[in-house]
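The structure appears right after this line, and notes come after that.
What's counted below: heavy atoms across the whole structure, side chains too, no hydrogens, waters or symmetry copies. The chains referred to below are lettered A, B, ... by the order of the sequence lines, with proteins before strands, and numbering in each begins at 1.
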2 protein chains.
Amino acid sequence: MGAMVSTVSLPKRVSKKAERRVTISDVASLAGVSVATASKALNGRHDVRDSTRQRVLAAAKELAFQPNELARGLLSGQTRTVGLLTSDSMGRFGIPVLLGAEDAFGAGEMAVLLCDARGDAIREQHHLRALLSRRVDGLIVVGESTDPRPSLSGDVPVPVVYAYGPSEDPQDVSFVPDDVGGAMLAVRHLLDMGRRSIAHVTGPMDYTAAREREEGVRLALAEAGVAQAGRTLAGEWSQRWGRHAAELLLMSTPDVDAVFCGNDQIAAGVVETVRERGRRVPGDIAVVGYDNWEILSTETRPPLTTVDMNLEVLGRTAAQHLFAAIGGRATPGVHRMPCRLVIRESTAP
Amino acid sequence: MGAMVSTVSLPKRVSKKAERRVTISDVASLAGVSVATASKALNGRHDVRDSTRQRVLAAAKELAFQPNELARGLLSGQTRTVGLLTSDSMGRFGIPVLLGAEDAFGAGEMAVLLCDARGDAIREQHHLRALLSRRVDGLIVVGESTDPRPSLSGDVPVPVVYAYGPSEDPQDVSFVPDDVGGAMLAVRHLLDMGRRSIAHVTGPMDYTAAREREEGVRLALAEAGVAQAGRTLAGEWSQRWGRHAAELLLMSTPDVDAVFCGNDQIAAGVVETVRERGRRVPGDIAVVGYDNWEILSTETRPPLTTVDMNLEVLGRTAAQHLFAAIGGRATPGVHRMPCRLVIRESTAP
DNA sequence: GCCCCGAACTAAAAGGTTTTCGGAAACGTA
DNA sequence: TACGTTTCCGAAAACCTTTTAGTTCGGGGC
């Protein structure tokens with residue numbers, strides 16, 4: 001198992017407080033019953049006399065008994081544990097999904113085993129093995145972008161749900177933000193505000209996210225019969241690019257009165273440059289971002305109207321559906337979760 | 001999904017692909033040996049003939065055998081799993097610590113069970129019980145701030161290491177950033193750049209972080225025999241407060257030539273206002289932030305010189321020491337991890 | 001008195017692995 | 001041949017819990 005790994009040999013558990021953990025048979029003998037009865041008493045089975053149950057419960061409490069989930073899982077085949085496999089170093093997008101999942105599971109006594117593959121397929125394989133040998137009941141795979149990723153389902157004997165980045169296999173269960181819809185929300189809002197010369201600045205076009213958001217722009221403009229102001233400007237997902245793109249835009253299309261940006265960083269850059277060039281936001285030019293990255297969207301001046309992908313809801317939903325899939329009620333397909341427009345001052349009338 | 005908690009009953013595991021998982025006895029019978037021999041062959045014990053071992057290994061490979069960690073853990077008392085208990089919804093500071101820990105453990109075949117208590121003590125107890133009943137080998141507790149938190153060690157039969165926020169009990173093992181030292185780095189740097197009228201704007205003084213950073217300022221100025229420009233301005237940890245504080249500062253102390261800020265958000269606000277008031281950064285006023293929150297520190301103009309707490313290193317170190325503690329080699333005390341000054345344009349000469 | 005029944009409880013098995021100990025075979029030595 | 005030694009392998013116990021299949025006991029019906 002590789003050089004670096006083998007050096008880390010597991011220490012022999014020499015905790016100074018070497019008290020043996022209390023087991024159900026300790027509880028049973030303290031209560032003066034058999035382990036079977038103790039088990040039934042603790043699990044609320046009804047074929048145990050009430051006085052006996054009280055004795056067992058009291059004994060368990062006195063000893064601070066906690067059932068060993070390992071033994072329980074070994075028997076039942078369920079560990080009440082799911083693996084969460086992420087590829088993007090838990091960056092910007094992984095976190096809310098994780099939180100949502102943790103939230104959904106935490107309520108139901110599930111635990112989350114976290115693995116970060118850092119975008120390395122070998123590491124992913126490695127983590128996958130570790131998770132499976134720990135007998136997780138299911139897996140959530142969080143993509144690093146909304147681009148589809150290879151399916152895992154062939155190799156894996158437990159249900160898998162993909163969040164944020166869908167699986168390439170449409171038979172799998174995937175949850176992704178509806179970026180087309182999100183962009184449409186943004187553009188329709190700009191149209192509602194009376195803007196008619198709407199430009200689009202976004203990230204690299206090899207991102208599914210960029211392409212889908214552009215598609216949303218196209219659709220929303222088409223349904224209103226309005227032409228896009230200039231061509232879509234595709235660059236990087238950075239504030240720097242936002243600044244640069246704004247320069248280009250102000251030169252090529254001086255009469256622009258709104259810019260829809262592919263993310264909040266770009267939007268922040270656009271706002272900055274627009275203001276430096278003497279145009280007011282939103283007075284002369286309205287700006288909409290994407291992601292609702294609060295540190296940017298609320299702290300810029302003016303605060304940004306932006307599209308929120310509801311990632312925490314997405315994560316929670318994915319977790320709930322994983323739960324359903326574990327129960328045999330899988331819901332195959334790529335589910336597009338609606339986005340939400342957060343209106344702030346950058347698009348005020 | 002209904003009334004949240006109680007509706008979530010564990011489904012009976014009805015996975016359609018109901019193939020029984022392959023066990024070591026499958027491997028043994030395929031190889032024509034006993035399970036004992038198979039186990040020894042797989043674990044590299046030396047009392048098994050080489051030809052036999054080859055047969056077993058081949059069988060294991062053919063069946064894609066993966067040992068059941070539950071059974072193994074039940075027997076050995078070790079699960080190769082640690083719990084990571086965080087209180088701050090994995091916010092700004094939890095993530096890098098988590099990453100560092102995951103990194104350190106991942107290499108050694110350890111898995112991380114993640115729990116987020118959302119700052120709720122009851123939820124924390126709940127998660128703690130869940131982790132212990134899963135028989136984690138140890139625990140990392142990530143604080144939501146550098147303020148000390150109540151010790152867990154009394155209630156818990158496994159080693160605990162505290163990261164970012166230390167335990168109140170000095171006998172516990174804690175790793176915290178050396179904020180005094182970090183602030184000193186920043187102020188010394190400003191002095192080196194020739195600044196002599198240095199102000200300090202920071203967050204609420206009921207934060208240990210704010211107090212320690214201020215202490216660092218005091219020490220660094222004292223060792224150079226320079227007086228602080230005005231009193232420390234304590235407000236919130238926000239960009240908004242940074243802007244407001246900068247206004248106050250420019251009024252009360254017009255000759256200020258440097259501002260050390262308690263975090264990057266404040267620094268971003270200060271920079272913004274300083275520039276709007278017609279002073280140049282760094283020409284007239286140098287600004288230093290804290291945290292090295294990249295989205296802010298690299299994207300502001302000019303990019304911010306800032307103190308990086310090396311949280312990922314801190315997390316990794318904490319994990320390594322937890323590992324040591326599991327092996328009985330604990331290192332009690334509050335360990336202060338050095339910070340690092342990241343020099344960017346906001347303090348250029 | 002006999003049988004059946006239900007209530008309350010227990011012994012034992014099962015789950016998958018590792019480890020200990022004993023057994024068997026092969027071989028060398030007296 | 002008898003005995004000791006080495007090498008290899010297997011049976012069984014152990015880990016902890018839940019579940020199944022009894023077992024015991026008392027009472028009710030005949």
Check B:D137, B:L113, B:L74, B:L70 against B:T79 for a side chain to side chain contact (heavy atoms under 4.5 Å, CB included) and give me the one that passes. B:D137

Report the nucleotide, chosen from C:dA14, D:dC15, C:dA11, that has the shortest atom-to-atom distance to any side-chain atom of A:L75. C:dA14

Less than 4.0 angstrom from a charged side-chain N to a carboxylate O is my criterion; do B:R118 and B:D116 meet it? yes

Report yes if at least one side-chain N or O of B:R21 is closer than 4.0 Å to OP1 or OP2 of C:dG16; otherwise report no. no

Report the distance from atom CG of A:L70 to atom P of D:dT18, rounded to the nearest whole Å. 13 Å

Donor-acceptor contacts under 3.5 Å from residues 168-175 of chain A side chains, at least two apart:
unit_1	atom_1	unit_2	atom_2	d
A:D169	OD1	A:Q171	N	2.8
A:D172	OD1	A:S153	OG	2.6
A:D172	OD2	A:S151	OG	2.6
A:D172	OD2	A:S153	OG	3.2
A:D172	OD2	A:S167	OG	2.6
A:S174	OG	A:S167	N	3.1

Can you tell me the distance, in whole Å, between the CG atom of A:L74 and the C1' atom of D:dA14? 13 Å

Distance check needed: C:dT17 P versus B:L42 CG, whole Å only. 9 Å

Rounded to the nearest 0.5 Å, how far apart are CG of B:L139 and CG of B:L84? 8.0 Å

I need the CZ-C1' distance between B:R72 and C:dG15, as an integer number of Å. 16 Å

Could you work out how much the helix from C:dG1-D:dC30 to C:dA30-D:dT1 bends, comparing the axis of its first five pairs with that of its last five, to 10°? 80°

Distance-only, no hydrogens or angles: does the A:R329 side chain make a donor-acceptor pair with backbone N or O of A:F323 under 3.5 Å? no

Can a salt bridge be assigned to the pair B:E102 and B:R316 using a cut-off of 4.0 Å between side-chain N and carboxylate O? no

The answer to which of B:S76 and A:N43 contacts DNA chain D further toward the 5' end, by nearest nucleotide, is B:S76

Is the shortest side-chain N/O distance from A:S34 to OP1 or OP2 of C:dT10 below 4.0 Å? yes

Expressed as a whole number of angstroms, how long is the span from B:I24:CD1 to C:dT19:P? 11 Å

Measure CZ/B:R134 against P/D:dT17 and give the value in whole Å, please. 15 Å

Salt-bridge contact A:E69-B:R129 (side-chain N to carboxylate O under 4.0 Å): no

Could you check whether A:T23 gets within reach of a base, just the sugar-phosphate, or nothing at all, counting any heavy atom under 4.0 Å? sugar-phosphate

In terms of ring plane angle, is the pair A:F93 and A:Y164 parallel, tilted or perpendicular, where the classes change at 30° and 60°? parallel

Would you kindly give the NE2-to-P distance between B:H46 and C:dT19, to the nearest whole Å? 12 Å

Less than 4.0 angstrom between a side-chain N/O of B:R45 and OP1 or OP2 of C:dT18, yes or no? no

Taking B:D26 for its side chain and B:T23 for its backbone only, find out whether a donor-acceptor pair lies under 3.5 Å. yes

Residue B:V48, side-chain heavy atoms: nucleotide from D:dC9, D:dC15, C:dT17 that is nearest: D:dC9

Closer than 3.5 angstrom, by distance alone: can the side chain of A:Y162 be matched with the main-chain N or O of A:L152 as a donor-acceptor pair? yes

From the list C:dG16, D:dG10, C:dT10, which nucleotide is the closest neighbour of the side chain of A:A36? C:dT10

Students often get this wrong, so: under 4.0 angstrom with heavy atoms, is B:T37 touching a base, only sugar-phosphate, or nothing? base

Here the distance between atom P of C:dG23 and atom CG of B:D47, to the nearest Å, is 17 Å

Classify the side chain of A:K40 versus the base of D:dT17 as yes if they form a donor-acceptor pair under 3.5 Å and no if they do not. no

Going by number, which of residues 49-68 of chain A have a non-hydrogen atom under 4.0 Å from DNA chain C? A:R49, A:T52

